[in-house]
Each structure stands twice: as structure tokens, then as C-alpha cells.
There are 2 protein chains.
Amino acid sequence: MASTNNGVQSIERAIAILRCFTEAKPEWRVTELADRLHLHKSSISRILATLEQEGLVKQNEETGKFHLGVGLVAMAGVALGHLDARRVSQPHLNSLVEICQETVNVTILDGNECVNIERVASPKPIRYVGWLGRRTPTYCTAAGQVLLAYRSPEERQALLPNPLVVYTDKTVVDAAALNHLFTQVRQQGYAIVHEAFEEGFSAIAAPVHDHTGQVIAAITISGPTFRLGPGQIEQFVPPLLATVARISADMGYREA
Amino acid sequence: MASTNNGVQSIERAIAILRCFTEAKPEWRVTELADRLHLHKSSISRILATLEQEGLVKQNEETGKFHLGVGLVAMAGVALGHLDARRVSQPHLNSLVEICQETVNVTILDGNECVNIERVASPKPIRYVGWLGRRTPTYCTAAGQVLLAYRSPEERQALLPNPLVVYTDKTVVDAAALNHLFTQVRQQGYAIVHEAFEEGFSAIAAPVHDHTGQVIAAITISGPTFRLGPGQIEQFVPPLLATVARISADMGYREA
DNA sequence: GAACATTGTTTCATAATACGCAACAGATTG
DNA sequence: CAATCTGTTGCGTATTATGAAACAATGTTC
């Protein structure tokens with residue numbers, strides 16, 4: 001675990017531990033983390049003890065496994081409160097959910113990934129995938145395509161992972177095809193993606209602009225493909241575009 | 001900054017820094033944090049640089065001030081996903097909001113404070129106070145009173161801060177009066193609080209029980225006192241009690 | 001505009017802290 | 001029951017994080 005930066009190593013190690021906890025693997029043993037991070041288990045144990053004392057992780061006494069703790073939620077709440085895109089979008093989201101009866105998200109770029117910073121859930125029963133805080137790739141999600149489409153080609157290239165991962169048989173990884181998609185997004189003002197990241201899920205997203213004209217967030221309507229497949233999801237274009245226009249105006253955007 | 005525990009000191013310092021960022025003061029300067037935490041500013045600067053490199057804080061380049069970063073949101077999303085009370089409650093919350101047209105929260109105890117772990121927003125315009133991740137005291141909030149009421153007197157005593165802070169002229173801090181309130185909560189099965197924590201805000205809360213019978217969360221309907229004052233908020237008792245009964249049943253609770 | 005104050009960052013020497021090792025106690029497995 | 005696995009703890013010491021000082025940039029005051 002060589003640190004190529006001049007950060008405080010033990011803090012970096014703590015954060016690396018926290019980062020191991022994911023949706024896919026929310027619980028870890030000391031020894032698993034030690035293997036994964038190539039650190040001695042006594043170091044892991046000590047770091048976890050510190051994190052637990054501060055409420056950032058919690059140990060299941062029966063199993064000995066650790067999971068992330070509620071202390072993180074309180075901090076994240078403050079972080080979320082600082083996001084203009086979230087604050088300005090919120091008053092508009094309920095009416096969009098009323099209209100479309102599907103889940104709506106606000107998504108921003110963090111590094112080269114998308115992060116969901118708000119979610120208003122569909123009233124309909126469905127397995128939920130757009131949870132708050134979830135990180136997703138850019139090129140194969142509707143929100144991500146919107147967030148990339150309005151960037152310069154150089155910026156876009158820098159933001160795309162290399163190699164591009166194929167998630168489903170609908171994932172587009174061909175550079176020319178992707179560029180065509182981005183052009184289409186800019187022309188239409190929205191992106192539609194069917195099952196390119198997760199099978200059985202579809203989404204439509206449109207951009208929120210701030211007062212400088214930059215695209216700072218995407219508003220997404222998403223749900224199961226059996227409800228939002230081709231020919232069905234298009235009905236949401238008008239209310240989605242109207243919503244992002246209102247949010248963008250509230251952000252101080254003036255269309256040229 | 002003497003650590004009375006045997007944690008990793010530099011990690012503790014990083015967390016202490018993160019904890020300074022609150023709703024009341026979401027931005028800090030290096031020198032402010034140094035003063036607040038009695039650490040040298042060069043230590044603060046270095047720790048913040050490490051946290052920034054990992055996305056947990058972000059510096060405003062124009063002002064030089066730091067605020068919490070989106071990296072925390074992603075971690076908190078995983079933490080939230082691990083909370084049974086949140087997961088089990090979610091399918092029930094939209095219909096409760098439909099009925100009451102006010103904001104609904106799921107709240108749990110963390111240490112001796114309440115933390116909101118879910119929120120479905122009211123469709124009505126109002127200044128929002130029950131944000132996700134927000135920490136609030138127990139004794140003067142509806143959720144907190146519910147979460148305390150079903151504890152043993154010893155546990156309750158240990159969970160109450162000393163001294164009890166007075167937030168408004170409606171805050172009850174007299175021990176006998178508080179105990180009377182807790183008894184009332186247990187008899188009624190819900191708590192109603194008008195302006196005891198924040199002027200102009202009222203809330204009603206009821207308990208969610210798990211399969212062992214323990215109260216593990218409170219479901220709260222809250223809003224402005226002008227809409228939910230005495231004589232008005234009582235209309236929400238039946239739907240609230242029905243909702244917590246359903247959630248508790250889903251948690252495996254069987255009423256004695 | 002000059003002088004001063006404030007800010008956040010960087011360098012450096014060194015002391016303190018975090019480290020890995022080893023031991024331990026308890027739980028699990030075959 | 002023995003072997004293995006687990007997470008924790010004590011220990012010596014080398015590595016790391018520290019505080020002081022210097023610095024450059026910005027802001028404030030007269």
C-alpha cells in the first residue's frame with residue numbers, strides 16, 4: 001500500500017478501509033480487509049477500533065464482521081446540504097414523480113463517476129437501484145451520458161475509464177458509437193438508456209445548467225424496462241425537459 | 001486534544017475535523033479549525049489535504065474555505081443500505097405522505113442523539129428541517145421521546161444529556177414532567193411535540209418494533225405548527241399508527 | 001500605495017506515534 | 001480433540017506525523 005501522494009498515511013489507510021464497504025460487499029472481517037489492502041491485521045484491527053469508537057463503522061458482535069456506521073450518515077447530511085444542485089432541485093421533484101410515477105434522481109459527477117445526491121422514490125413497488133450515494137459509471141448510464149455530453153472532447157476523454165467495462169450486451173464501448181450518442185444527447189436535450197448498465201432497467205435523463213451555462217447535474221427518471229421500454233419512456237420527455245428547464249432557471253441559467 | 005482512548009490519533013484528528021462541519025457552520029478555514037481543535041495549522045492543512053485528495057472535503061478555491069465533499073455521500077449510501085429499519089420502512093412511507101401531505105422521517109438512536117435515516121418530503125412548500133443525516137436531541141423531539149419512552153429508566157437516564165438544554169420556551173427539562181411525558185407516550189403509542197425544539201415546528205412520532213419487541217426506530221410526521229398545531233395534528237394518529245404497525249409486522253414484530 | 005495582518009502551504013528536524021511481530025483467548029472446522 | 005481461524009493486545013522501534021519556521025499570496029488598514 002505505497003502512497004504516491006504526500007498525504008497522512010494512517011488517514012489514507014482509514015479511508016481505504018471505509019472504501020472497501022460497498023453495496024456488493026457491505027460487511028468485512030479484519031483478515032479480509034488485511035488481505036485486500038495488504039496491511040497487517042493488527043493495523044486493520046486498530047484502525048477499525050478507532051473508526052468504531054467514532055461511529056463510522058460498527059462491528060456485529062455475533063459474527064465479528066464490520067459494516068459502515070450511522071456516523072457517516074450524519075456527516076453526509078451536511079455534505080448534501082451544501083450541494084446547490086440538490087437544494088434547488090428538491091422543490092421540483094415531487095411533481096415530476098407525480099407525473100411519471102417512477103423514481104427520480106439528481107446525479108452529479110464526482111471524479112469520473114456519477115453519484116446520486118437525491119432520490120424521490122416511485123410509489124410503485126420495484127427493486128430499488130438508484131439509491132442515494134450510489135456511484136455508477138458515466139458512459140453507460142443516462143445521467144452519465146448527459147453529464148459527459150456537454151463537456152469538451154478532451155474533458156470527455158479524460159473522464160472515460162480505460163478500458164471501458166462491458167456490463168450487459170447493450171453496453172456501448174465503441175468510441176465512434178459513443179460520440180454519436182453524445183451528439184444525439186446534445187441535439188435532443190436528453191439521453192435514453194435501456195439496459196446498458198443493468199439488465200431490466202431503463203432511464204431517461206436531462207441536464208441542469210447553472211448560471212454560467214455549465215451542466216452541473218442530471219435529472220433522471222428510471223425504472224424497470226418492462227414499464228419504461230422503447231416506445232414507453234418517450235412519454236416522459238416533455239415533463240422531464242420542463243422540470244430541468246425550471247430547475248436550471250432557478251439556478252440562474254439563461255438560455256442563449 | 002488529548003485522546004483518552006487508545007485510538008489512532010491522526011485518524012481521530014481527521015474525524016474531529018470532519019465533525020466540525022455542521023449545518024450551522026458548513027465551511028471552515030484552516031486557521032479556524034486549528035483554533036477550534038487546538039492543533040497547529042500545519043497539521044490541519046495536511047490532514048485536510050489528505051481528506052481532499054480522497055474526496056471527503058473540498059476547498060473553495062476562491063475563498064480558501066473547506067466544506068465536506070461528495071465522497072462522504074457515497075459511503076453514507078452504503079451505510080444507509082445496511083439499516084434494516086430504513087429498508088423495511090421505505091415501501092410504506094409514500095402512502096403515509098399521500099395521506100398526510102407532510103414530510104415523513106425514519107429516525108433512529110445513535111449514541112444519545114437521534115439521526116434521520118430516511119425522509120420523504122412533503123409536496124407542500126416549506127422550509128425543510130428533517131433532512132437526511134440530521135442529528136437532533138432526544139428529549140425535546142417527537143421521535144426522540146418515542147425512542148426513549150420504551151427504554152428502562154436506567155437506560156433513559158444514561159441517554160439524557162446533563163444538563164438538558166432549553167431550546168424554546170416550550171422545552172420541557174423537568175425530570176418529573178419528562179417522565180410523565182414518557183409514560184404518556186407508552187400509553188398512547190405516540191408522541192406529539194409542538195415547538196419544544198424549534199419554534200414554529202410540530203411533529204408526531206410512533207415506534208417501530210423489531211422481532212424481539214425492541215423499539216428500533218420512530219416514524220415521524222412533521223411540519224409547520226400553523227398546519228400541524230394542537231387540534232390538527234391528531235388527525236394523523238390513525239394513519240401513523242397503522243403505518244408503524246405494518247412496518248413493525250414486516251420487521252417480524254408480534255404484538256403480545 | 002506601503003505597511004501590516006492573515007491565510008494556507010511547504011520544508012525540516014525530531015519526537016511521538018503507528019507499525020508489524022508475537023502472543024493470546026475464543027470460536028470454528030474436520 | 002487438534003488444527004485452524006479470528007480479532008485483540010502488548011511491546012520495542014523504526015517510521016511517520018508533528019510543530020515550528022519560512023514562504024508566497026491575498027486581504028486590510030491608514
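Below, chains carry the letters A, B, ... as their sequence lines are ordered, and counting in each starts from 1.
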Report summary line: Rounded to the nearest 0.5 Å, the CD atom of E54(A) sits from the CG atom of L18(B) at a distance of 10.0 Å

**Report entry** Check against side chain to side chain contact (heavy atoms under 4.5 Å, CB included), R87(B) and D84(B)
**Finding:** CA-CA 5 Å; R87(B) 177 175 47 80; D84(B) 288 340; 2.7 Å; yes

Query - Distance in Å, H67(A) NE2 paired with E52(A) CD, rounded so as to fall on 0.5 Å steps - result: 9.0 Å

Requested in this report: Taking the side chain as every heavy atom from C-beta outward, state whether N112(B) and L160(B) have any pair of such atoms under 4.5 Å apart.
Outcome: no

Query raised in the report: Contact boundaries of DNA chain D with chain A (under 4.0 Å, heavy atoms), 5' to 3'?
Result: dT6(D) to dA17(D)

Report summary line: Here the residues of residues 40-47 of chain B within 4.0 Å heavy-atom distance, strictly under, of DNA chain D are H40(B), S42(B), S43(B), R46(B)

Requested in this report: For V104(B), check side-chain contact (heavy atoms from CB on, under 4.5 Å) against everything at least two apart and list the hits.
Outcome: L93(B), L96(B), V97(B), C100(B), I219(B), I221(B)

**Report entry** Heavy-atom side-chain proximity of R19(A) to M75(B) below 4.5 angstrom
**Finding:** yes

If you restrict it to nitrogen or oxygen atoms, what contacts under 3.5 Å exist between nucleotides 27-29 of chain C and the protein, and what is each distance?
none

Query raised in the report: Residues in salt bridge (Lys or Arg N to Asp or Glu O under 4.0 Å) with K65(B), at least two apart?
Result: none

Query raised in the report: Among pairs that include at least one residue of residues 143-152 of chain A, which meet salt bridge (Lys or Arg N to Asp or Glu O under 4.0 Å), considering only residues two or more places apart or in two chains?
Result: R151(A)-E155(A)

Query raised in the report: Under 4.0 Å between a side-chain N or O of Q9(A) and OP1 or OP2 of dC19(C)?
Result: no

Report task. Could I get the full list of salt bridge (Lys or Arg N to Asp or Glu O under 4.0 Å) partners for R119(A), not counting sequence neighbours? Result -> E118(B)

Query raised in the report: For the helix from dG1(C)-dC30(D) to dG30(C)-dC1(D), how many degrees between its two end axes (five pairs per end), to the nearest 10°?
Result: 50°

Query raised in the report: Mind checking what makes side-chain contact (heavy atoms from CB on, under 4.5 Å) contact with H40(A), not counting sequence neighbours?
Result: S42(A), S43(A)

Report task. Examine the side chains of T136(B) and T141(B) and answer whether a donor and an acceptor come within less than 3.5 Å of each other. Result -> no

Query raised in the report: On DNA chain D, nearest-nucleotide positions of S10(A) versus K65(A): which is more 5'?
Result: K65(A)

Report task. Measure the shortest side-chain to side-chain distance between N179(B) and R156(B) over non-hydrogen atoms and say whether it is less than 4.5 angstrom. Result -> yes

Query - Partners passing side-chain contact (heavy atoms from CB on, under 4.5 Å) against R246(A) (at least two apart in sequence or in another chain) - result: H92(A), A242(A), T243(A)

Requested in this report: Give me the residues of residues 25-34 of chain B where at least one heavy atom lies under 4.0 Å from an atom of DNA chain C, by number, or none.
Outcome: R29(B), V30(B), T31(B)

Query - Selection residues 139-163 of chain B - residue pairs positive for ring pair (Phe, Tyr, Trp, His ring centres under 6.0 Å), sequence neighbours left out - result: Y150(B)-H209(B)

